[in-house]
Protein chains: 2
Amino acid sequence: MATILIVDDENDIRELITLNLRREGYDTLEAADGLQAMKKARKKIPDLILLDLMLPEKDGYSVFRELKESNLTQNIPIIMLTARGKLDERITGLSLGADDYVTKPFSPKELLLRIKNILHRTQSHPAGTIIEIGDFRLDKNHLVLHLAGAAIDLTATEFKLLVVLIESGGHTQAREDLLRQVWGYNDLTQTRTLDTHIKRLREKLGDFSHQIETVRGVGYRFISDGKASS
Amino acid sequence: MATILIVDDENDIRELITLNLRREGYDTLEAADGLQAMKKARKKIPDLILLDLMLPEKDGYSVFRELKESNLTQNIPIIMLTARGKLDERITGLSLGADDYVTKPFSPKELLLRIKNILHRTQSHPAGTIIEIGDFRLDKNHLVLHLAGAAIDLTATEFKLLVVLIESGGHTQAREDLLRQVWGYNDLTQTRTLDTHIKRLREKLGDFSHQIETVRGVGYRFISDGKASS
DNA sequence: AGTAAATGTGACACAATTGTGACAAGACAC
DNA sequence: GTGTCTTGTCACAATTGTGTCACATTTACT
């Protein structure tokens, strides 16, 4: 699951947060000051950072800037923590590019909520490389399908086919359309490769294979399992 | 010793700073406006730039951006000077990527302190020349890779390739992109040199070679751990 | 039921991609 | 010059992906 780096100089608070996050299944890293934070972040790149603005030595701003300057860490979402809802800090934090902002004292519940929110919407993926629908999560970058937790490798063609099906939002795609979109066949070539690939896809989908439905005489469609339809 | 470029339109202030810096043993360059600043910076690349935000002609922001856009100067740390601690300027300065920020009037002592600070942290490890991730530590200056303690010599090309892979943060880099970024090939040259270099890199990585993963039909990616993350 | 058409399936051949070792040209130091 | 190092290319090997085929199964229709 996601790894979260907690940067705060107060031990109590750090531990409190750690405890709460661990209970929810997150991995946690802790740092008491900016230097430690940078070190840990470089060692194991976290998925999200909780950053206290009041730090000894290097203050939170500097750490923030450093994180945003490094290629390795600049895309990690950051939630700022601060002692009180001082307006100026709030402004500074957000305009610097922090992804959210929580004022101490805060309830663990509130913090968790925000973390979930942010992780869900970012998961540190560049926009548009992830398609999520139901239990399916397609990573266009790696040609990997995450299905109910498991990672499934797809070949380029399989991937393309699945994407086209999924992106047509529950509508049936005609055989010819699929052949055109996935294979670039423009003539009505007599080929069975589509059938074969559908079969291979279903094989890899395992229990979820029924979500590719064949519409006899027309083509295929992807059904998103009753719920999250579109 | 270090050379510092001072950009300010007020002669008095420029001279005051120059005096103080010289006394500390720094070399100084002066510029009264943005144009001069760019010229001087190109002539003798300074180790640090003090940049006033209020300039005639081109304002400080433009100069800043120009400096950051040029290959020659983009890594030089910049300390912004400004007439007052106006909040909005502070924000702009920091979010543009200035390394520090001093408000006029300032005491020479304060300025010197900040200069020392920044020079110290940027010169011991000139901006971003060390990349650390997992067991990998790359020293851009020496083209050396420290892997779990052992020092491994890499050639220039191997090094560049590894850096590009690592810096893309777990994302797959397409073959063409790698060829463009590492070799500067812009045409779709038919070459196998990428494959060869990947092989050589993996050879040198030994037990860690699996961290360079091939994504068939696309390119390669660096994975920072056993698991498929991001 | 019986039949024809459409689709599913497994095996196979070959296509395409990537890995690998050898080699030669160039760069560079000595 | 010689020797070492680096780099790109090549031929070939290994691996993986893809399309076709024959045959099985399902479906729509009479």
Side-chain angles (χ1 to χ4, degrees), chain A residues 142-145 152-165 172-223, chain B residues 142-145 151-165 172-206 208-223:
Chain A
H142 307 157
L143 304 189
V144 166
L145 162 66
I152 299 171
D153 279 334
L154 299 182
T155 72
T157 315
E158 289 162 1
F159 198 87
K160 224 165 168 184
L161 176 56
L162 184 55
V163 167
V164 170
L165 282 175
T172 304
Q173 288 296 96
R175 295 179 73 90
E176 324 144 19
D177 289 332
L178 290 170
L179 285 171
R180 192 163 24 72
Q181 289 182 75
V182 178
W183 281 267
Y185 289 178
N186 271 318
D187 44 2
L188 332 173
T189 324
Q190 153 62 25
T191 178
R192 298 293 311 282
T193 190
L194 171 57
D195 304 70
T196 304
H197 271 87
I198 288 285
K199 180 217 158 202
R200 288 176 182 149
L201 249 180
R202 283 179 173 153
E203 225 165 69
K204 292 194 178 178
L205 295 192
D207 294 342
F208 296 83
S209 64
H210 64 279
Q211 292 195 41
I212 294 180
E213 192 183 76
T214 129
V215 181
R216 197 157 238 265
V218 185
Y220 298 89
R221 71 187 267 248
F222 179 86
I223 44 181
Chain B
H142 304 105
L143 301 192
V144 168
L145 162 66
I152 298 172
D153 278 334
L154 299 181
T155 71
T157 315
E158 289 162 2
F159 197 86
K160 222 166 167 184
L161 177 56
L162 184 54
V163 167
V164 170
L165 283 174
T172 306
Q173 290 296 98
R175 294 179 75 90
E176 330 147 11
D177 290 331
L178 290 170
L179 284 170
R180 192 164 23 73
Q181 290 182 74
V182 178
W183 282 268
Y185 291 176
N186 270 317
D187 44 1
L188 334 172
T189 323
Q190 152 64 25
T191 178
R192 298 294 312 281
T193 191
L194 172 57
D195 305 69
T196 304
H197 272 87
I198 287 285
K199 180 213 158 204
R200 288 176 182 149
L201 248 180
R202 283 179 173 153
E203 228 165 66
K204 292 194 178 179
L205 294 191
F208 296 83
S209 64
H210 63 280
Q211 292 197 38
I212 295 179
E213 190 184 81
T214 129
V215 180
R216 197 159 236 263
V218 184
Y220 297 90
R221 72 187 268 247
F222 179 87
I223 42 183

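Since this is a predicted model, take the numbers as computed values, not measurements. Residue numbers start from 1 in every chain, and the chains themselves are labelled A, B, ... in the order their sequence lines are given, proteins ahead of strands.
- As judged by a 4.0 angstrom heavy-atom cut-off over every strand, A/Thr193 is placed among the base-contacting residues.
- Qualifying side chain to side chain contact (heavy atoms under 4.5 Å, CB included) partners for B/Ala151, counting only residues two or more places apart in sequence or in other chains: B/Val144, B/His146.
- Here salt bridge (charged side-chain N to carboxylate O under 4.0 Å, His left out) pairs that include residues 153-164 of chain B, with residues two or more places apart or in two chains, are B/Glu158-B/Lys204.
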Item to complete: Kindly determine whether A/Val182 and A/Leu194 satisfy side chain to side chain contact (heavy atoms under 4.5 Å, CB included), including the steps that lead there.
Response: CA-CA 9 Å; A/Val182 178; A/Leu194 171 57; over 6 Å; no
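- Taking atom CG of B/Leu178 as the reference point, atom P of D/dG8 lies 14 Å away to the nearest angstrom.
- The side chain of A/Ala156 sits closest to D/dT18 out of C/dT18, D/dT18, D/dT7.
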Report, one pair per line, the protein and nucleotides 27-30 of chain C atoms (nitrogen or oxygen only) whose separation is under 3.5 Å.
none

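- In this structure, A/Leu178 and A/Trp183 approach most closely via the heavy-atom pair O-CE3, 3.8 Å.
- In this structure, the side chain to side chain donor-acceptor pair (under 3.5 Å) partners of A/Arg175, at least two apart in sequence or on a different chain, are A/Asp195.
- Atoms CD (A/Gln190) and P (D/dG19) sit 14 Å apart, rounded to a whole Å.
- In this structure, CG on A/Leu165 lies 5.5 Å from CD1 on A/Ile198, to the nearest 0.5 angstrom.
- Regarding contacts with the backbone of D/dT18, every side-chain N or O of A/Trp183 stays at 4.0 angstrom or more from both OP1 and OP2.
- Contacts of residues 196-203 of chain B with DNA chain D (heavy atom under 4.0 Å): B/Thr196, B/His197, B/Arg200.
- By the 4.5 Å heavy-atom criterion applied to side chains, A/Gln173 and A/Tyr220 are not counted as neighbours.
- Between B/Arg180 and B/Glu176 there is no salt bridge, since none of the side-chain N atoms of the basic residue sits less than 4.0 Å from a carboxylate O of the acidic one.
- Distance A/Glu176 CD to C/dT7 P: 11 Å, rounded to the nearest Å.
- Distance check, rounded to the nearest 0.5 Å: CD1 of A/Ile152 to CG of A/Leu143 gives 13.5 Å.
- Backbone-only contact: A/Tyr220 has heavy atoms under 4.0 Å from sugar-phosphate atoms and none from a base.
- The nucleotide whose nearest atom lies closest to any side-chain atom of B/Thr214 is, among D/dG8, C/dT18, D/dT18, C/dT18.
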Item to complete: Report, as a single string ordered 5' to 3', how protein heavy atoms within less than 4.0 Å touch nucleotides 24-30 of chain D: B base, S sugar-phosphate only, - not at all.
Response: --BBS--
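- For the pair B/Ile212 CD1 and C/dG19 C1', the interatomic distance rounds to 13 Å; values are reported in whole Å.
- For the pair A/Leu145 and A/Leu205, the minimum side-chain heavy-atom distance is below 4.5 Å.
- In this structure, the CG atom of B/Leu154 is 10 Å from the P atom of D/dT6, given to the nearest Å.
- Rounding to whole angstrom units, CG of residue B/Leu161 and P of D/dG8 are separated by 11 Å.
- For the pair B/Asp195 CG and C/dT20 P, the interatomic distance rounds to 10 Å; values are reported in whole Å.
- Here the side chains of A/His197 and A/Leu201 are not in contact, with every heavy-atom distance at 4.5 Å or above.
- Nucleotide C/dG19 holds its C1' atom 16 Å from the CD atom of B/Glu213, rounded to whole Å.
- When the side-chain nitrogen and oxygen atoms of A/Arg175 are compared with OP1 and OP2 of C/dT7, one or more of them lie within a distance under 4.0 Å.
- Residue A/Thr191 has a polar side-chain atom (N or O) positioned under 4.0 Å from OP1 or OP2 of D/dT20.
- A donor-acceptor pair is defined here as one N or O able to donate and one able to accept, closer than 3.5 Å; no such pair exists between the side chain of A/Arg221 and the backbone of A/Val215.
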